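Just below is one structure, and these are the notes that go with it.
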Amino acid sequence: MKPSTLAFIGAVSLESLLGCGDSFPQYSGSYELREFSYTDPSFAGEMKMPSGLIVTNRMSYIGNQWNHQLNFEFASDSENQAVGIFSHYLDDLTRIDNGVWPNNWYDGVEVYEEQKIYGSGNTAWCNNQYLYFLRLESIPPPEVLRNSYPGNRSYIGKDPTTGMELYESWPHPEEADFEETEWNDAVEENEGITLYFNFTRYLRSKRPGGEGYQDCILPLDSRGKESLTFTYHASTDDLDDATDIRKVRVEEIKDNQPAVSFFRKVISNIK
């Protein structure tokens, strides 16, 4: 056998051993801030949005589906930029509940809720409460990532009691097949991954109906619905997709501070 042939076989074997060339669809990577804006200047906090964001994508197999967990580590390059770290499930961050029956709630994940402020009259049905939600959209879309890791195998049938559709689960999810083509094509077309965040303060009011309505007098509060929107982008070279997220533990990124600890720095008047 020629020396060149032996060298080629050795290189291929080393590449296989090290896992070089393998990529796994995920959001993991180093991102840079592209833009941010407030619906009103009064909503801005004492510190600015940080220039850097490190995202770590992990997932766990529960039942017959993969649950993605995203860890966000905000990194600054100056003293006036905020820093913080927190994590949330992808399904919660991208949930759409507004106008959806029977939820009809706010989109995204609830980050924080202030105490209810009660008024006069029928106190049980006379109150205000401020709620804070974080919503995420992205390119590629979350659906493409979810579809990359199918959660179940063949269709079994319906549960005779509940009527729910049943699917066969993976006995060894860390060995389950995945599809990377659609994700990789979308990443290449976008020249990386773009994350679009929306952090919104909502005012939730409850008032009695009928004759009791006029007796519900709530304390004045000048704060209303406001939002902070911010966008981060990771170029293809800054993505970290070498980790097989089927085989790692999600617990390694879950021991963090609550998200509100970070947003208190870039948002004003969170009580």
Side-chain angles (χ1 to χ4, degrees), residues 33-53 70 72-76 78-89 92-138 195-232 256-271:
L33 181 67
R34 278 193 166 177
E35 60 181 353
F36 69 96
S37 62
Y38 296 87
T39 52
D40 190 283
S42 64
F43 197 47
E46 295 181 355
M47 307 189 76
K48 294 183 178 180
M49 289 296 300
S51 57
L53 170 63
L70 300 183
F72 304 101
E73 182 178 355
F74 292 90
S76 70
S78 64
E79 293 183 354
N80 65 341
Q81 293 181 359
V83 295
I85 180 171
F86 60 85
S87 63
H88 279 293
Y89 282 112
D92 294 336
L93 288 163
T94 58
R95 178 178 290 117
I96 297 178
D97 282 335
N98 187 18
V100 178
W101 188 89
N103 300 329
N104 196 24
W105 196 233
Y106 304 113
D107 295 340
V109 61
E110 182 177 319
V111 169
Y112 181 70
E113 64 177 24
E114 297 184 9
Q115 290 187 346
K116 292 182 179 179
I117 303 299
Y118 290 93
S120 59
N122 188 341
T123 56
W125 294 97
C126 182
N127 61 75
N128 277 343
Q129 185 177 30
Y130 287 93
L131 307 172
Y132 298 83
F133 279 74
L134 178 64
R135 164 83 174 146
L136 170 66
E137 297 180 71
S138 67
L195 305 177
Y196 302 93
F197 295 91
N198 184 284
F199 180 77
T200 302
R201 176 178 65 202
Y202 297 96
L203 174 59
R204 185 80 173 177
S205 297
K206 289 186 178 181
R207 294 174 178 269
E211 296 181 355
Y213 179 82
Q214 63 272 19
D215 297 327
C216 176
I217 301 176
L218 291 164
L220 296 177
D221 194 322
S222 60
R223 297 177 301 164
K225 176 184 175 181
E226 300 293 348
S227 295
L228 161 65
T229 58
F230 51 101
T231 303
Y232 283 87
N256 298 313
Q257 297 295 320
V260 68
S261 299
F262 168 76
F263 285 105
R264 284 185 185 277
K265 304 171 185 177
V266 296
I267 298 298
S268 64
N269 294 326
I270 298 182
K271 297 181 180 180

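Note that the numbering runs from 1 along the sequence shown for the chain. Since the structure is predicted, the reported quantities are computational estimates derived from the model, not experimental observations.
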Exercise. State which residues pass ring pair (Phe, Tyr, Trp, His ring centres under 6.0 Å) with Phe262; sequence neighbours excluded, sorted by chain then number.
Key: Phe74
Quiz item: Quick one: CD on Gln115 to NZ on Lys271, what's the gap to the nearest 0.5 Å?
Solution: 12.0 Å
Quiz item: Can you check side-chain contact (heavy atoms from CB on, under 4.5 Å) on Phe72 and Leu93, steps first, answer last?
Solution: CA-CA 12 Å; Phe72 304 101; Leu93 288 163; 3.8 Å; yes
Quiz item: Between Ala75 and Pro50, which heavy-atom pair has the shortest distance, and what is it?
Solution: O-CB, 3.4 Å
Practice problem: Please round to the nearest 0.5 Å and tell me the distance separating atom CG of Leu220 and atom CD1 of Ile117. | Solution: 12.5 Å
Practice problem: Grab the two heavy atoms, one from Ala82 and one from Lys265, that are nearest each other, plus how far apart they are. | Solution: CB-CB, 3.8 Å
Exercise. Please test Asn98 against Asn104 for side-chain contact (heavy atoms from CB on, under 4.5 Å), starting from the C-alpha separation and ending with a verdict.
Key: CA-CA 5 Å; Asn98 187 18; Asn104 196 24; 4.1 Å; yes
Exercise. Could you grab the distance from atom CD of Glu137 to atom CG of Asn198, nearest 0.5 Å is fine?
Key: 8.5 Å
Quiz item: How would you list, by chain and number, every residue that makes a side-chain hydrogen bond (donor to acceptor under 3.5 Å, both in side chains) with Asp107, sequence neighbours excluded?
Solution: none
Practice problem: Please name the pair of heavy atoms, one in Ser268 and one in Ala44, separated by the smallest distance, quoted to 0.1 Å. | Solution: CB-O, 3.2 Å
Exercise. Run the ring-centre check on Phe263 versus Phe199 and record whether the distance is less than 6.0 Å.
Key: yes
Quiz item: Once the angle between the rings of Phe133 and Tyr202 is folded into 0 to 90°, is it parallel (under 30°), tilted (30 to 60°) or perpendicular (over 60°)?
Solution: perpendicular
Quiz item: Are Thr229 and Ser37 linked by a side-chain donor-acceptor pair shorter than 3.5 Å?
Solution: yes
Quiz item: What distance do Ser261 atom OG and Ile85 atom CD1 have between them, rounded to the nearest 0.5 Å?
Solution: 11.5 Å
Quiz prompt | Greater than 12 external heavy atoms within 6.0 Å of Glu110's CD | solution = yes
Self-check item: CD-NZ distance between Gln129 and Lys116, expressed to the nearest 0.5 angstrom
Solution: 5.5 Å
Practice problem: Mind checking the CZ-CG spacing from Arg95 to Leu136? Nearest 0.5 Å is all I need. | Solution: 13.0 Å
Practice problem: Indicate the atoms forming the closest heavy-atom contact of Leu203 with Tyr106, along with that distance. | Solution: O-OH, 4.2 Å
Self-check item: Nearest atoms (heavy-atom pairs only) where Gln81 meets Ser51
Solution: OE1-N, 3.0 Å
Quiz item: Is Leu228 close to Val266 at the side-chain level, that is, under 4.5 Å between some pair of heavy atoms?
Solution: yes
Quiz item: Is the NZ atom of Lys206 crowded by more than 12 outside heavy atoms at less than 6.0 Å?
Solution: no
Quiz item: Who passes salt bridge (charged side-chain N to carboxylate O under 4.0 Å, His left out) against Glu114, sequence neighbours left out?
Solution: Arg223
Practice problem: Start with the C-alpha distance between Glu226 and Ile267, add both sets of side-chain angles, then the distance that settles side-chain contact (heavy atoms from CB on, under 4.5 Å), and finish with yes or no. | Solution: CA-CA 10 Å; Glu226 300 293 348; Ile267 298 298; over 6 Å; no
Practice problem: Describe, in one word, how the ring planes of Tyr232 and Phe197 are oriented to each other, choosing from parallel (under 30°), tilted (30 to 60°) and perpendicular (over 60°). | Solution: perpendicular
Self-check item: Close side-chain approach of Leu134 to Phe86, heavy-atom, < 4.5 Å
Solution: yes
Quiz item: Hey, does the side chain of Thr39 reach the backbone of Ser227 with a donor-acceptor pair shorter than 3.5 angstrom?
Solution: yes
Practice problem: Quickly, which of Thr200, Thr94, Val109 forms a side chain to side chain contact (heavy atoms under 4.5 Å, CB included) with Arg135? Name it, please. | Solution: Thr94
Quiz item: So which heavy atom on Ile270 is nearest to which on Arg264, and how close?
Solution: O-NH1, 2.9 Å
